[in-house]
Trainee: 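Following this message is one structure expressed as structure tokens.
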Amino acid sequence: MDTRYNHKELEDKTYESWEKSGLFNPDNLNTDGEPFTVIMPPPNANGSLHIGHALFVTLQDIMIRYARMKGRKALWLPGADHAGFETQVVYNKKLEKEGRSFWKIPKEELYEEIKNFTLSNKQYMKGQLKKLGASCDWSREKFTLDDDIKEVVYETFKSLYDDGLVYRAEQPVNWCIKHQTTLSDLEIKHEEKTDKLYYIKYKLSDSDEFIEVATTRPETIPADIAVAVHPESKWSKLVGRKAINPINSKELPVISDKLVELDFGTGALKITPYHDSTDFTIWKNHESEIESKPISIIDQYGKMTAEAGSKLEGLKIKNARSQAEEILKESFSREPEEYKHQVAVCYKCGSIIEPRVMMQWFVKMTEKSNDKKLSLRDLAVNAVKSGKIKFVSDRFEKIFMHWMSNLRDWNISRQIVWGIRIPAWYCTDQKNDACRKKNGIIISNNKPDKCPYCGSTDLIPEEDVFDTWFSSGQWPFATLMSKPGDFEKFYPTDVMETGWDIIFFWVARMIMLGIYRTGDVPFRTVYLHGLVRDKDRQKMSKSKGNVINPLEVADIYGTDAVRISLVIGSVAGNDPVISEDKIKGYRNFTTKIWNAARFVLMNLDEKIDNIEPVFTEEDKADIERLNGVKKEVESQLDNYDFNHAGETLYHYFWHEFADKVIESKKPRLADNPNKEDKKAATETLLKILVASLKMLHPFMPFVTESAYQELPEKVRTKEFLMIENW
RNA sequence: GGGCGGUUAGCUCAGUUGGUUAGAGCGUCACAUUGACAUUGUGAAGGUCACAGGUUCAAAUCCUGUAUCGCCCACCA
């Protein structure tokens with residue numbers, strides 16, 4: 001046994017031998033145990049792994065290795081995510097750096113470029129996962145753009161459509177002017193901005209009276225089609241009369257709706273349905289009272305259109321606003337106020353989200369399907385309420401429920417190139433009622449020969465792609481459906497381990513779509529980890545220069561040190577804290593394990609192999625203590641308390657086994673003439689060592705496996721520590 | 001506006017259903033050691049458990065309130 005543990009040499013060699021053995025594949029495990037399944041959250045294939053990935057690899061690998069040693073058919077299914085919008089944003093930035101314009105590259109070329117970019121990242125990340133010791137079954141590796149995965153996604157979409165849970169409609173959506181796509185409600189953030197709140201007189205058509213309207217967006221006034229007042233406001237007596245648009249002098253009916261806030265502004269609201277979602281709702285409620293149709297006066301690039309009028313046409317929103325201010329000065333009822341409010345911005349680029357009304361695909365969240373079964377929301381809520389799905393820690397259950405309680409329909413259309421095309425075609429002819437009733441919508445991935453309703457051959461494809469979360473929300477069952485027999489054996493999976501930041505984006509969607517599609521929950525336990533922070537609790541970011549690259553530090557201190565550093569000292573659901581000093585400290589622990597093992601092995605004496613040991617009281621107490629620790633660690637692991645399990649082991653191995661047990665037995669080793677006593681001492685040490693290596697293995701797989709390989713054959717019952725009986 | 005969480009040693013954090021003297025790691029200090037140890041060992045100092053009430057034989061832990069920090073959600077223009 002080498003005097004020093006050389007992680008650089010041993011880690012790669014060890015991983016290779018594990019991989020070659022095929023034992024990451026549960027089919028090759030010689031066991032009758034129950035399956036234990038973890039589907040890996042597929043990392044976005046648009047960069048390299050960061051410390052957060054190292055955290056999830058560690059946590060999931062601990063669960064998998066523990067289960068495997070417990071005799072279960074452990075499946076950890078790896079994969080990678082094409083990560084539609086996220087990747088497109090990354091690639092867009094890359095192009096900007098290279099001085100190329102994203103928008104000038106033909107779509108098909110762009111798709112190919114991003115595909116190559118993604119695939120090469122994916123390959124690179126795979127190597128990184130191996131470096132981190134991930135004992136996942138590479139034979140089952142999946143990619144979110146694999147044909148069979150896409151096929152499952154198409155089927156789900158069609159089924160949702162047939163059940164009336166997916167629909168296409170012209171509705172207000174969040175539009176990012178920079179990225180030229182709509183975003184779901186989750187993909188927007190709210191930022192505090194200070195704007196002017198304008199108070200504007202809308203004169204009545206038949207008298208000198210006026211209604212005072214408050215708005216932050218005077219530039220949208222040309223698109224007003226009504227004025228709404230709260231039923232209890234002082235304006236309510238004017239309901240039914242006509243007001244005059246202060247910019248284009250068109251007549252606007254005065255309507256009453258309690259959606260207008262009584263206490264805000266003046267209690268009167270201008271109604272601009274195509275540029276504000278509240279206005280859209282109010283318009284829908286009063287469609288019969290309002291003659292004119294809503295219009296859009298802002299285009300997709302954030303410029304005023306011709307319909308805004310000659311004075312505003314062509315201006316950007318900001319300039320149009322000042323221009324409108326000029327035009328409206330005469331109509332001000334009082335001076336504009338400084339007004340602080342929350343403005344929706346794109347979560348990626350921070351640019352202001354423009355509400356637009358567009359034809360988009362939506363998933364119904366709270367309404368029931370055609371056959372009156374439960375809504376998607378209820379499916380998920382019931383699963384959590386009934387305890388079929390548990391959150392670790394359970395405070396996430398409250399957060400989850402709160403979010404589920406107020407949900408709006410989910411816009412799943414994206415106008416980006418990098419994604420799975422929505423499998424729909426539109427019949428442009430719509431020759432008969434049957435076709436018109438369907439709005440000419442045909443759900444199919446491949447182009448149909450003709451319209452199934454009216455027989456027309458004038459079919460045009462849907463060009464939008466799915467929100468990535470719509471497809472990745474199906475990941476647990478989609479991945480298992482790709483190999484015959486797997487779904488039956490491994491679904492529902494046991495644990496979904498992921499970051500709490502995507503609890504709504506991903507976890508909620510997986511629960512809803514999983515139950516919808518399979519009738520069973522996708523996983524029984526949701527373990528949520530936090531964001532890795534530095535020793536001062538700061539978020540890691542390149543600009544702060546406090547980023548720790550897991551592969552770099554693993555290279556210096558060994559993967560085991562990085563892994564255990566990420567686990568110890570952080571409770572489930574809290575943000576883990578890590579620093580290079582901490583990793584250095586656990587590197588010393590790695591060394592300690594190696595040396596303690598070396599010491600025990602050095603003191604084995606073949607000459608006394610056949611001697612019957614005579615154990616002292618102390619020896620017996622040591623073994624009893626070992627059993628106590630084992631029980632403790634087991635219960636901690638069973639409760640997903642990896643932090644304390646790691647800490648218990650760390651403390652036990654170093655400060656009890658190494659400092660006390662080994663020290664106290666030293667005089668009984670070496671030249672001890674009492675062979676029975678010497679045998680008892682060495683045997684006790686060996687027993688504790690082997691048991692400790694087993695328990696430490698899920699946390700620090702490399703050093704423990706390497707030490708195990710040095711053990712005398714008689715105590716090595718398996719080819720690898722990895723498959724030893726816990 | 002609604003919701004969730006934190007406040008314990010210099011720092012980062014544990015503290016299970018209330019129950020001896022409130023713990024760990026790092027840091028600090030003292031001493032020891034060339035050892036199986038890219039060091040390690042032994043020991044020490046250091047806490048009004050945010051604050052104020054309450055329940056209890058007993059509160060870091062349960063209840064109420066206050067302060068303060070953080071996070072999430074959100075169609076008051």
Side-chain angles (χ1 to χ4, degrees), chain A residues 1 3-6 172 174 185-186 188-190 195 197-200 213-218 220 228 230 259-272 275-282 339 341-344 353 355 393 395-408 500-501 503-504 530-531 533-537 556-557 564-565 568-571 573-579 581-582 584-603 632 635-636 639 641 643-644 646-648 650-651 654-655 658-660 662-663 666 669 685:
Chain A
M1 194 168 184
T3 47
R4 271 179 56 191
Y5 173 63
N6 184 344
N174 311 304
D185 292 342
L186 280 174
I188 59 172
K189 291 185 303 185
H190 295 269
D195 282 316
L197 183 62
Y198 300 90
Y199 292 91
I200 298 158
V213 167
T215 183
T216 54
R217 302 204 61 184
T220 63
H230 189 276
L259 277 180
V260 181
E261 293 288 328
L262 183 58
D263 306 329
F264 184 84
T266 61
L269 181 62
K270 70 189 202 62
I271 299 301
T272 321
H275 297 296
D276 185 284
S277 69
T278 307
D279 294 7
F280 185 88
T281 311
I282 294 177
Y339 176 56
H341 62 154
Q342 302 288 320
V343 176
I353 290 294
S393 69
R395 89 184 141 89
F396 288 111
E397 195 175 311
K398 287 186 200 165
I399 295 174
F400 179 84
M401 287 301 193
H402 182 251
W403 184 73
M404 294 301 282
S405 70
N406 54 68
L407 272 185
R408 294 205 292 168
W500 54 248
D501 51 328
I503 182 170
F504 306 135
L531 188 71
R533 294 174 183 266
D534 75 3
K535 62 179 191 311
D536 302 317
R537 275 215 131 285
I556 302 172
Y557 303 108
I564 193 86
S565 301
I568 292 187
S570 75
V571 181
N574 287 9
D575 293 346
V577 174
I578 196 170
S579 63
D581 282 344
K582 188 173 176 185
K584 217 183 266 180
Y586 287 108
R587 185 268 322 270
N588 293 350
F589 182 49
T590 312
T591 309
K592 193 76 180 180
I593 295 172
W594 184 254
N595 274 294
R598 194 161 70 90
F599 179 80
V600 172
L601 297 181
M602 257 167 35
N603 283 288
E632 191 181 342
S635 115
Q636 284 161 335
N639 287 305
D641 190 358
N643 162 37
H644 288 114
E647 213 172 275
T648 305
Y650 173 83
H651 205 263
W654 195 327
H655 299 299
D659 288 351
K660 306 256 160 59
I662 291 184
E663 287 304 321
K666 272 186 181 170
L669 306 172
L685 290 180

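Since the structure is predicted, the reported quantities are computational estimates derived from the model, not experimental observations. In what follows, every chain begins at residue 1, and chains take the letters A, B, ... in the order their sequences are listed.
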Trainee: Contact between A:Tyr199 and A:Val213 at the side-chain level, heavy atoms closer than 4.5 Å - yes or no?
Mentor: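 Of all side-chain heavy-atom pairs linking A:Val213 with A:Tyr199, none is under 4.5 Å.
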Trainee: What does nucleotides 14-23 of chain B look like as a protein-contact string, B for base, S for sugar-phosphate only, - for none, at under 4.0 angstrom between heavy atoms?
Mentor: S---------
Trainee: How long is the line joining CG of A:Asn595 and P of B:rA36, in whole Å?
Mentor: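 Distance, rounded to whole Å: 10 Å.
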Trainee: Going by the rule side chain to side chain donor-acceptor pair (under 3.5 Å), which residues pair with A:Arg598 if we only count those two or more places apart in sequence or in a different chain?
Mentor: A:Asn595
Trainee: Listed by chain and number, what are the salt bridge (Lys or Arg N to Asp or Glu O under 4.0 Å) partners of A:Asp501, not counting sequence neighbours?
Mentor: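 Partners of A:Asp501 by the salt bridge (Lys or Arg N to Asp or Glu O under 4.0 Å) criterion come out as none, since no residue qualifies.
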Trainee: If you write RNA chain B from 5' to 3' in dot-bracket form, with Watson-Crick or G-U pairs under 3.5 Å, [ ] for crossing pairs and | for pairs with another strand, what do you get?
Mentor: (((((((..((((.....[...)))).(((((.......))))).....(((((..]....))))))))))))....
Trainee: Would you check if the side chain of A:Lys582 reaches a backbone N or O of A:Val577 as a donor-acceptor pair within less than 3.5 Å?
Mentor: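 Checking the backbone N and O of A:Val577 against the side chain of A:Lys582, a donor-acceptor pair under 3.5 Å is found.
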Trainee: CD1 of A:Ile568 versus C1' of B:rU12: gap in Å, rounded?
Mentor: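 These atoms are roughly 13 Å apart.
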Trainee: Please say whether the positively charged group of A:Lys666, taken as NZ for Lys or CZ for Arg, lies over the ring of A:Phe599, i.e. under 6.0 angstrom from the six-membered ring centre and within 45 degrees of the axis.
Mentor: yes
Trainee: Measure from CD1 on A:Ile662 to C1' on B:rA36 and round the result to the nearest Å.
Mentor: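 Computing the A:Ile662:CD1 to B:rA36:C1' distance gives 8 Å.
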Trainee: Whole angstroms only, please: what is the OH-P distance between A:Tyr650 and B:rG25?
Mentor: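 Taking atom P of B:rG25 as the reference, OH of A:Tyr650 is at 7 Å.
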Trainee: Are the side chains of A:Trp500 and A:Asp575 in touch, meaning some heavy atoms are under 4.5 Å apart?
Mentor: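 Sidechains of A:Asp575 and A:Trp500: in contact.
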Trainee: Please determine, for the side chain of A:Asp659, which listed nucleotide (B:rC26, B:rU42, B:rA36) has the closest atom?
Mentor: B:rU42
Trainee: B:rU61 and B:rU56: how far apart are their C1' atoms, nearest whole angstrom?
Mentor: 13 Å
Trainee: Compare all side-chain heavy atoms of A:His275 with those of A:Phe280 and state whether any distance is below 4.5 angstrom.
Mentor: no
Trainee: A:Asn588 near the nucleic acid: base, sugar-phosphate alone, or nothing, with a heavy-atom cut-off under 4.0 Å?
Mentor: sugar-phosphate
Trainee: Which of these nucleotides, B:rG25, B:rC76, B:rA36, is closest to any side-chain atom of A:His651?
Mentor: B:rG25
Trainee: For A:Arg587 and for A:Asp575, find the nucleotide of RNA chain B with the closest heavy atom, then tell me which residue's nucleotide is more 5'.
Mentor: A:Asp575
Trainee: Which value, in whole Å, describes the distance between the C1' atoms of nucleotides B:rA60 and B:rU7?
Mentor: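 That atom pair is separated by 11 Å.
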Trainee: What are the atom names and distances for every N/O pair under 3.5 Å that joins the protein to nucleotides 72-75 of chain B?
Mentor:
| unit_1 | atom_1 | unit_2 | atom_2 | d |
| --- | --- | --- | --- | --- |
| B:rC75 | OP1 | A:Arg408 | NE | 3.4 |
| B:rC75 | OP1 | A:Arg408 | NH2 | 3.2 |
| B:rC75 | O2' | A:Thr278 | OG1 | 3.0 |
| B:rC75 | O2 | A:Thr278 | OG1 | 2.7 |

Trainee: Could you state the CD-P distance from A:Glu261 to B:rC76, rounded to the nearest angstrom?
Mentor: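 Going from CD in A:Glu261 over to P in B:rC76 covers 8 Å.
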Trainee: Scan A:Tyr339 against the nucleic acid and name what it touches under 4.0 Å (heavy atoms): base, sugar-phosphate only, or nothing.
Mentor: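 Counting heavy atoms under 4.0 Å across all strands, the contact made by A:Tyr339 is with sugar-phosphate only.
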Trainee: Can you list everything that forms a salt bridge (Lys or Arg N to Asp or Glu O under 4.0 Å) with A:Arg217? Sequence neighbours excluded, please.
Mentor: A:Glu219, A:Glu354
Trainee: Is any side-chain nitrogen or oxygen of A:Tyr586 closer than 4.0 Å to OP1 or OP2 of B:rG25?
Mentor: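 No, outside the criterion.
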Trainee: Between B:rC4, B:rG41, B:rG25, which nucleotide gets closest to the side-chain atoms of A:Lys398?
Mentor: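 Closest of the options to the side chain of A:Lys398: B:rC4.
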Trainee: How about A:Leu269 and A:Asp279: do any of their side-chain heavy atoms sit closer than 4.5 Å?
Mentor: yes
Trainee: Establish whether the base of B:rA77 is bridged to the side chain of A:Lys270 by a donor-acceptor pair shorter than 3.5 Å.
Mentor: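 Under the 3.5 Å cut-off, the side chain and the base do not form any donor-acceptor pair.
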Trainee: Would you say A:Thr220 and A:Lys270 are linked by a side-chain donor-acceptor pair, where the criterion is simply a distance under 3.5 Å?
Mentor: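 The criterion, which ignores hydrogens and geometry beyond distance, is satisfied for A:Thr220 and A:Lys270.
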Trainee: Roughly how many Å apart are B:rC29 and B:rG46, using the C1' atom of each and rounding to a whole number?
Mentor: 11 Å
Trainee: For RNA chain B, whose closest nucleotide is more 5', that of A:Ala268 or that of A:Arg598?
Mentor: A:Arg598
Trainee: Please verify the inter-ring angle class for A:Tyr650 with A:Trp654; under 30° counts as parallel, over 60° as perpendicular, anything in between as tilted.
Mentor: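 Correct class here is perpendicular.
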Trainee: For A:Ala658, which contact category applies under a 4.0 Å heavy-atom criterion: base, sugar-phosphate, or nothing?
Mentor: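 The residue A:Ala658 makes base contact.
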Trainee: Mind running ring pair (Phe, Tyr, Trp, His ring centres under 6.0 Å) on A:Phe264 and A:Tyr339 for me, showing each step along the way?
Mentor: CA-CA 12 Å; A:Phe264 184 84; A:Tyr339 176 56; 5.6 Å; yes
Trainee: For A:Tyr198 and B:rA77, give me the distance from atom OH to atom C1', rounded to whole Å.
Mentor: 14 Å
Trainee: The side chain of A:Arg395 is closest to which nucleotide in this list: B:rU42, B:rG5, B:rA36?
Mentor: B:rG5
Trainee: Rounded to whole angstrom, note down the C1' distance from B:rU8 over to B:rG15.
Mentor: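 That atom pair is separated by 9 Å.
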Trainee: Using atom P of each nucleotide, how far apart are B:rC62 and B:rG5 to the nearest Å?
Mentor: 12 Å
Trainee: Between B:rG25, B:rA77, B:rA36, which one does the side chain of A:His655 approach most closely?
Mentor: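 The listed nucleotide nearest to A:His655's side chain is B:rG25.
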Trainee: Could you give the CZ-to-P distance, from A:Arg533 to B:rU12, as a whole number of Å?
Mentor: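 Between P of B:rU12 and CZ of A:Arg533: 12 Å.
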Trainee: Is the distance between the ring centroids of A:Phe400 and A:Phe504 under 6.0 Å?
Mentor: no
Trainee: What is the distance from CD1 of A:Ile271 to C1' of B:rA77, rounded to the nearest Å?
Mentor: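 Atom-to-atom, A:Ile271 to B:rA77, this comes out as 9 Å.
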